> 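Here's a structure for you.
Computed from a predicted structure; not experimentally measured. By convention in this document, chain letters (A, B, ...) are assigned in the order of the sequence lines, proteins followed by strands, and residues within each chain are numbered from 1.
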There are 2 protein chains.
Amino acid sequence: MPHSYTRETAAEGVESALKFIEGRWKLVILFHLFGGHVLRFSDLERAIPGISQKMLSQQLRQMEKDGMVRRIVHPTVPPKVDYCLTEWGQALCPALDALLTWGAQRETMSAAAQTEKA
Amino acid sequence: MPHSYTRETAAEGVESALKFIEGRWKLVILFHLFGGHVLRFSDLERAIPGISQKMLSQQLRQMEKDGMVRRIVHPTVPPKVDYCLTEWGQALCPALDALLTWGAQRETMSAAAQTEKA
DNA sequence: CAGTATCCCTGATGATACTG
DNA sequence: CAGTATCATCAGGGATACTG
């Protein structure tokens with residue numbers, strides 16, 4: 001690791017990074033917006049089965065506040081609101097990819113087949 | 001991303017990877033074991049202020065079950081138990097580093113200074 | 001030393017209903 | 001359409017006490 005972190009600050013740093021993507025629906029939303037997609041509230045609602053309006057709204061607000069998502073309100077009737085990722089939001093991609101890769105190594109790298117779990 | 005995942009399976013893949021490191025103390029424990037360190041239960045207890053025996057034990061058990069941590073029991077009196085990372089546990093390092101890097105980019109990349117939050 | 005066993009409490013999420 | 005408001009639920013975690 002090319003950083004000058006101590007164990008403690010590194011752990012804290014990762015923890016605070018994780019806070020941005022923790023939340024039952026954040027990753028699903030993220031993956032729908034990756035690639036520069038611009039989606040309306042109702043698009044996301046339809047794209048994500050099982051999510052409630054409350055949760056969709058709540059997670060989007062947090063992500064907006066955190067600076068991952070941009071919210072664009074069109075002052076029309078009926079209302080229209082677009083969502084897309086910020087530059088920083090897009091920048092999450094490599095990190096998630098690294099996580100994906102790590103997870104995929106589990107079967108490969110585990111010396112002995114441990115307990116199976118979902 | 002060099003993978004052949006759909007949005008949905010990618011989100012699920014990352015979610016399941018995240019489950020392995022979710023837990024109030026997992027990352028702190030991880031960072032104490034990175035670098036091949038071998039620590040006893042009491043070492044970790046002392047190294048991690050604020051953790052209770054219940055939590056330390058619980059998190060270690062999960063990590064062991066998940067295949068990230070190896071638990072070595074020495075059949076002595078009094079008992080002695082060593083903990084270290086498995087190969088797969090060590091392999092988490094690059095992913096956490098990517099997360100750290102992403103988090104660190106927040107101030108740099110955010111167009112406008114958004115709401116400040118811990 | 002290295003844990004278990006209990007009890008409690010809070011925050012995150014879900015279900016449902018209502019609105020500018 | 002794009003939300004907000006309320007209420008109910010539940011798992012994760014904390015505090016404390018006990019044990020092979």
> Could you give the NZ-to-P distance, from Lys19(A) to dG11(C), as a whole number of Å?
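The distance from NZ of Lys19(A) to P of dG11(C) comes to 13 Å, rounded to the nearest Å.
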
> Between atom CD1 in Ile72(B) and atom P in dA2(C), what is the gap in whole Å?
13 Å

> Of the nucleotides dG3(C), dT16(D), dG3(D), which one has an atom closest to the side chain of Tyr83(A)?
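Among dG3(C), dT16(D), dG3(D), the one nearest the side chain of Tyr83(A) is dG3(D).
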
> Rounding to a whole Å, what distance do you find between Ile21(A):CD1 and dA12(C):C1'?
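The distance from CD1 of Ile21(A) to C1' of dA12(C) comes to 17 Å, rounded to the nearest Å.
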
> Can you tell me how far P of dC1(D) sits from CG of Leu56(A), to the nearest Å?
14 Å

> How close or far is atom C1' of dT6(D) from atom CD of Gln53(A), stated in whole angstroms?
15 Å

> Side-chain contact test, heavy atoms from C-beta onward, threshold under 4.5 Å: evaluate it for Lys19(A) versus Asp66(A) and give yes or no.
no

> Might you confirm whether atom CD of Glu87(B) has over 12 heavy atoms from other residues, nucleotides or ligands at distances under 6.0 Å?
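Not more than 12 within 6.0 Å, no.
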
> Could you point out which residue of Met63(B), Arg61(B), Lys65(B) forms a side-chain contact (heavy atoms from CB on, under 4.5 Å) with Arg71(B)?
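Of the listed options, the one satisfying the test is Arg61(B).
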
> Could you give the NZ-to-C1' distance, from Lys54(B) to dT19(D), as a whole number of Å?
17 Å

> Hey, is the main chain of Gly89(A) close enough, under 3.5 Å, to the side chain of Thr86(A) for a donor-acceptor pair?
yes

> Strictly below 4.0 Å: does Gln59(B) bring a side-chain N or O up to OP1 or OP2 of dG13(D)?
yes

> What are the residues of residues 37-48 of chain A, sorted by number, that bring a heavy atom to within less than 4.0 Å of DNA chain C?
none

> Side chain of Pro79(A) only, please: which of dG3(C), dG14(D), dG20(C) is the nearest?
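Shortest atom-to-atom distance from the side chain points to dG20(C).
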
> What I'd like to find out is whether the side chain of His32(A) reaches to under 4.5 Å of the side chain of Asp43(A), using heavy atoms alone.
no

> Quick one: Gln62(A) CD to dA12(C) P, roughly how many Å, whole number?
8 Å

> Taking only the side-chain nitrogens and oxygens of Arg71(B), find out if one of them lies under 4.0 Å from OP1 or OP2 of dA2(C).
no

> Counting distance only, does the side-chain N/O of Arg24(A) pair as donor-acceptor with the main-chain N or O of Ile51(A) below 3.5 Å?
no

> Any side-chain N or O of Ser57(A) below 4.0 angstrom from OP1/OP2 of dA2(D)?
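False: Ser57(A) side-chain N/O out of range (4.0 Å or more) of dA2(D) OP1/OP2.
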
> Kindly assign one of parallel, tilted or perpendicular to the pair Trp88(A) and Trp102(B), based on the angle between their ring planes and the thresholds 30° and 60°.
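Plane angle under 30°, so parallel.
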
> Identify all stems in which DNA chain D takes part, counting only runs of at least 3 consecutive pairs (Watson-Crick or G-U wobble, each distance under 3.5 Å), and give each as one range with another, ordered by first number.
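Stem list for DNA chain D: C:1-20 with D:1-20.
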
> Identify which nucleotide among dG14(C), dA2(C), dC1(D) has an atom closest to any side-chain atom of Lys80(B), counting heavy atoms from C-beta outward.
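Selected nucleotide (nearest to the side chain): dA2(C).
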
> Separation of Met55(A) atom CE from dA5(D) atom C1', in whole Å?
13 Å

> Looking only at atom types and distance, does a side-chain atom of Ser57(B) sit under 3.5 Å from a main-chain N or O of Lys54(B), one as donor and one as acceptor?
no

> Looking only at heavy atoms, what is the nearest atom pair of Cys84(A) and Ile72(A), with distance?
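So the two residues come closest at SG-CD1, 4.2 Å.
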
> If you check every side-chain atom of Pro78(A), which of dA2(C), dT16(D), dC1(D) has the closest atom?
dC1(D)

> Is there side-chain contact between Leu44(B) and Leu60(B), with heavy atoms separated by less than 4.5 Å?
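Contact flag for Leu44(B)/Leu60(B) side chains = yes.
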
